[in-house]
Amino acid sequence: MKVFTIEEINAIVGGKLIGSTSQQITGLDQLQNANKDQITFIGSRKFAKLWPDSKASAAIVNESLTVEAGSDRALILVKNADLAMAKLLEEFKPKAPVFEADIHPAATVHESVVLGKGCKIGAGCYVGKDVVLGDGVILYPNVSVFDDSKIGDHTVVWSGTVIRERSIIGNHCIFHNNVSIGADGFGYRPSEDGRGLVKIEHIGNVVIGNGVEIGANSCVDRAKFSSTIIGDGCKIDNLVQIAHNCILGRSCIMAGHSGLAGSVTLGDGVVIGGSASIKDHTTIHSGATVGAGSGVMGDVAAGATVLGYPATEGRNMLKQWAALRKLVKS
Amino acid sequence: MKVFTIEEINAIVGGKLIGSTSQQITGLDQLQNANKDQITFIGSRKFAKLWPDSKASAAIVNESLTVEAGSDRALILVKNADLAMAKLLEEFKPKAPVFEADIHPAATVHESVVLGKGCKIGAGCYVGKDVVLGDGVILYPNVSVFDDSKIGDHTVVWSGTVIRERSIIGNHCIFHNNVSIGADGFGYRPSEDGRGLVKIEHIGNVVIGNGVEIGANSCVDRAKFSSTIIGDGCKIDNLVQIAHNCILGRSCIMAGHSGLAGSVTLGDGVVIGGSASIKDHTTIHSGATVGAGSGVMGDVAAGATVLGYPATEGRNMLKQWAALRKLVKS
Amino acid sequence: MKVFTIEEINAIVGGKLIGSTSQQITGLDQLQNANKDQITFIGSRKFAKLWPDSKASAAIVNESLTVEAGSDRALILVKNADLAMAKLLEEFKPKAPVFEADIHPAATVHESVVLGKGCKIGAGCYVGKDVVLGDGVILYPNVSVFDDSKIGDHTVVWSGTVIRERSIIGNHCIFHNNVSIGADGFGYRPSEDGRGLVKIEHIGNVVIGNGVEIGANSCVDRAKFSSTIIGDGCKIDNLVQIAHNCILGRSCIMAGHSGLAGSVTLGDGVVIGGSASIKDHTTIHSGATVGAGSGVMGDVAAGATVLGYPATEGRNMLKQWAALRKLVKS
């Protein structure tokens, strides 16, 4: 357990200390739940009012708010309490799971694999022929990486994730549990007798940039030819589907259960809400936002917000919903 | 294969035996599919009419229905045929898969792990530092459990499931295949140069009560701080997403493909239909029902039923849909 | 890397060669991305116009289009460029991952398992009691197959996939990564004290026909009794849910994130769009199409197309959407 004095915490977040407390701080929690040994956060007037009744000995406060510290309690004034909280979470972060050996004897690593400095490979991992792992790559137990894949420096892959052959993964990525990278795309053609379906081979691969995070049980399919591409800094939540030949720009966000059908293109900084889905061969231009639950059936302009099913410009959709409600009331 | 006489089955379900059959009963199936050596179920008049043409030698019948047994056929009258069927399914349940050794030699179990009586750990499992397993815990092959997690008595974890560090799991839970418990929540902040996203560390954990069942390929993320909590007796279907800091009360039901965004609170006995999704920071109060496919954007009152996207009080939504259909007809 | 002359490629696709090129062809890509050593495809006038500016040395062209080859460039005229592309993808398909040993020493295979000729079982696989594997079955590393299951000839199972006890799988199937076959269905009854839920045992199994492909992280639950059945030639995308006791006919297609609740029946050749979901006990008759994102709440007639939520006959739903848009404009 990590322990900080209030002065040490103030040094971390670079704020202005008001009041004082002798309490050692061992963690953080929200206002209603925090205990005496925890620090909390006050980002709005609503929460400022709850401060006198909180058990927390200290709080980080947006400097625009007026709060009094109280007895043996301390406040740290900062520009942005959320940002300060993010910094503190980094400090309080517990240690990562232990590796008893760098390459666990119960891992199966092909003799041709190229290992960077400080790689760690857990029990039950499989690493195939001619895979290249950069410096500091961590494969937690029971990860499978197939032939000719390349994983960049300091990328972390959690248990159950499978990276199929010829995938190219950047540096500083995080793949959570049970992710599937590089399975075949979903494509068939009618059989010649017209009575069935014949698989279209998918001979492309998946290329993932730097700093990409992919949530648990999400899927990125390999391209039919060429590559399915995820740009630097994209953040993908759990249970997300990215089909063959999709191309994502930089720093896109896809929330849980959202999905892209085949050959969808996202510009930079596109935000896809939870459970939204995008038709195949559609382009969502840079800076656009797709609301949660939307079904997008056509291209979306840069910076636009769309909503609903079928997805429409956001304010228009809100008006459509209002009009529908009004039909019932009248 | 288990074999029962009709008298033995009647003793199990505690009904009233009408007619008789010398047929040994080896299983059960629905009326249209059942064979001579199977027992079936008649819970409505519609099915009662089909009884003469069924091949089944016996049926369990709701006592409110009028059915005649026929020659060498038997009926068992009960208050509730569905309930009796559930009892019989328990009797006909085949044996669970064989464990040749309690702790398989191809499992990797850290020396610090505390094992209850009668634990079974399959081949390819990984159990990390300071994990505590209660009595009768079963980890089927290729399960991964990380450091400092605790799994309660008689909990069963199926292959491919990953339980991340510091998770606390109750007694008598069942986790199906490829479940992801305790992956990081989905939270980022803009980088200081405004050109990217910085990961917010998630230092909390997941706490799961007793008697919780979680379906295949579902995800429960760890909390940003404090805990993501699933109350006693909750039943979660396949491919469900439960984000960081959600709190579920007792005996909630979430059907397939449903999802909760961050910090959603469910009261007790909440029912979430399939493919429904709930906005972050929303509260669904006890006894409320969210219809399948709904998109919930605000709090739902205790006992209420909501439906649609955006979700609205159920009958009102049905009227909206009717009004929309009428616009086209007129 | 495979290398073909343009004449060799023409022999494969059986077209009419126009122009000529000395360039060796090593791969294929779409018109805008193809390089000098790649062949591309022209299936419409739009793409025909882009041909002069493409770097590709050769293209396969629908014979209905008028295109000129140009200098040191070749065209192959065919009836259907898409079909020809599918043939070429088969030719350019890279080798599957290497198996150093047929049965890897780090696999756990029960002594009772029956292995066909030429089976391959990767590291970390678990194969339980009395499993029967046909000829040429491939289990990639970290697959789990439980007791009494049967897998037909030449079926390929990718890493992370779990096949639970008593599953029956046909020939020539492909299961991608982290698929869950045969987990318990989702069924509960109220406890006798009315305060909780009691699990209904699921003692049935899963039966999958020949030529079935199942995408990454998809789930097929076992039946309550009898079998959940997937007919020959069905193609299931990623993250799809097929609940207990569903019955799919031949050659059905289910796109990503789609789901069937319990006891849904699909006829032959049914197409379910992405993210669509189908209510329990519903029948979708042969040849019907369910549009992407739809929520189907009742039976669908053979050959019909339904759309929307709640799903309605397709053209009617388009009119409803148009009427709603008009309400706002007027």
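For the numbers below, each heavy atom of this structure counts, side chains included, while hydrogens, waters and symmetry mates do not. First the proteins, then the strands, lettered A, B, ... as listed; each starts at 1.
- If you measure heavy-atom distances from C/Glu165 to chain B, the contacts under 4.5 Å come from the side chain alone.
- Both the backbone and the side chain of C/Lys224 come within contact range of chain B, with heavy atoms under 4.5 Å apart.
- Partner of C/Ser218 under the side-chain contact (heavy atoms from CB on, under 4.5 Å) criterion, out of C/Val240, C/Ile181, C/Ile242: C/Val240 alone.
- If you tally non-hydrogen atom pairs under 4.5 Å between each of C/Pro310, C/Ser277, C/Gly204, C/Ala106 and chain B, the highest count goes to C/Pro310.
- The contact between B/Ser294 and chain C is made by backbone and side chain atoms together, counting heavy-atom distances below 4.5 Å.
- Proximity to chain C is absent for every atom of B/Leu88, based on heavy atoms less than 4.5 angstrom apart.
- For chain B, no part of C/Ser159 is nearby; none of its heavy atoms comes within less than 4.5 Å.
- Of the two parts of B/Ala216, the backbone and the side chain both hold a non-hydrogen atom closer than 4.5 Å to a non-hydrogen atom of chain C.
- Note on B/Lys87, B/Lys95, B/His104: by heavy-atom pairs under 4.5 Å with chain C, the leading option is B/His104.
- Not a single donor-acceptor pair under 3.5 Å links the side chain of C/Arg222 to the backbone N or O of C/Val206.
- Looking at C/Lys319, the atoms closer than 4.5 Å to chain B (heavy atoms on both sides) sit in the backbone and in the side chain alike.
- In this structure, chain B has heavy atoms under 4.5 Å from both the backbone and the side chain of C/Asp184.
- Proximity to chain C is absent for every atom of B/Met317, based on heavy atoms less than 4.5 angstrom apart.
- Under a 3.5 Å cut-off, the side chain of B/Thr155 and the backbone N or O of B/Gly170 do form a donor-acceptor pair.
- Contact of B/Asn142 with chain C is made through the side chain alone, with heavy-atom distances under 4.5 Å.
- Using a distance-only test at 3.5 Å, with no hydrogens or angles considered, no donor-acceptor pair links the side chain of C/Asp237 to the main chain of C/Ala255.
- When heavy atoms are compared at a cutoff of 4.5 Å, B/Ser275 approaches chain C solely by way of its side chain, counted from C-beta outward.
- For B/Gln38, no part lies under 4.5 angstrom from a heavy atom of chain C.
- The contact between C/Tyr309 and chain B is made by backbone and side chain atoms together, counting heavy-atom distances below 4.5 Å.
- At a 4.5 Å heavy-atom cutoff, the contact between C/Ala183 and chain B is made by backbone and side-chain atoms alike.
- Under the 4.0 Å criterion applied to side-chain N and carboxylate O atoms, C/Lys199 and C/Glu201 are not assigned as salt-bridge partners.
- Both the backbone and the side chain of C/Ser226 have a heavy atom closer than 4.5 Å to some heavy atom of chain B.
- The candidate from B/Pro97, B/Gly122, B/Gly293 with the greatest count of non-hydrogen atom pairs under 4.5 Å with chain C is B/Pro97.
- Taking the six-membered ring for Trp and the full ring otherwise, the centers of B/Tyr140 and C/Tyr126 sit at least 6.0 Å from each other.
- Contacts of C/His110 with chain B are made by side-chain atoms alone, with heavy-atom separations under 4.5 Å and no backbone atom involved.
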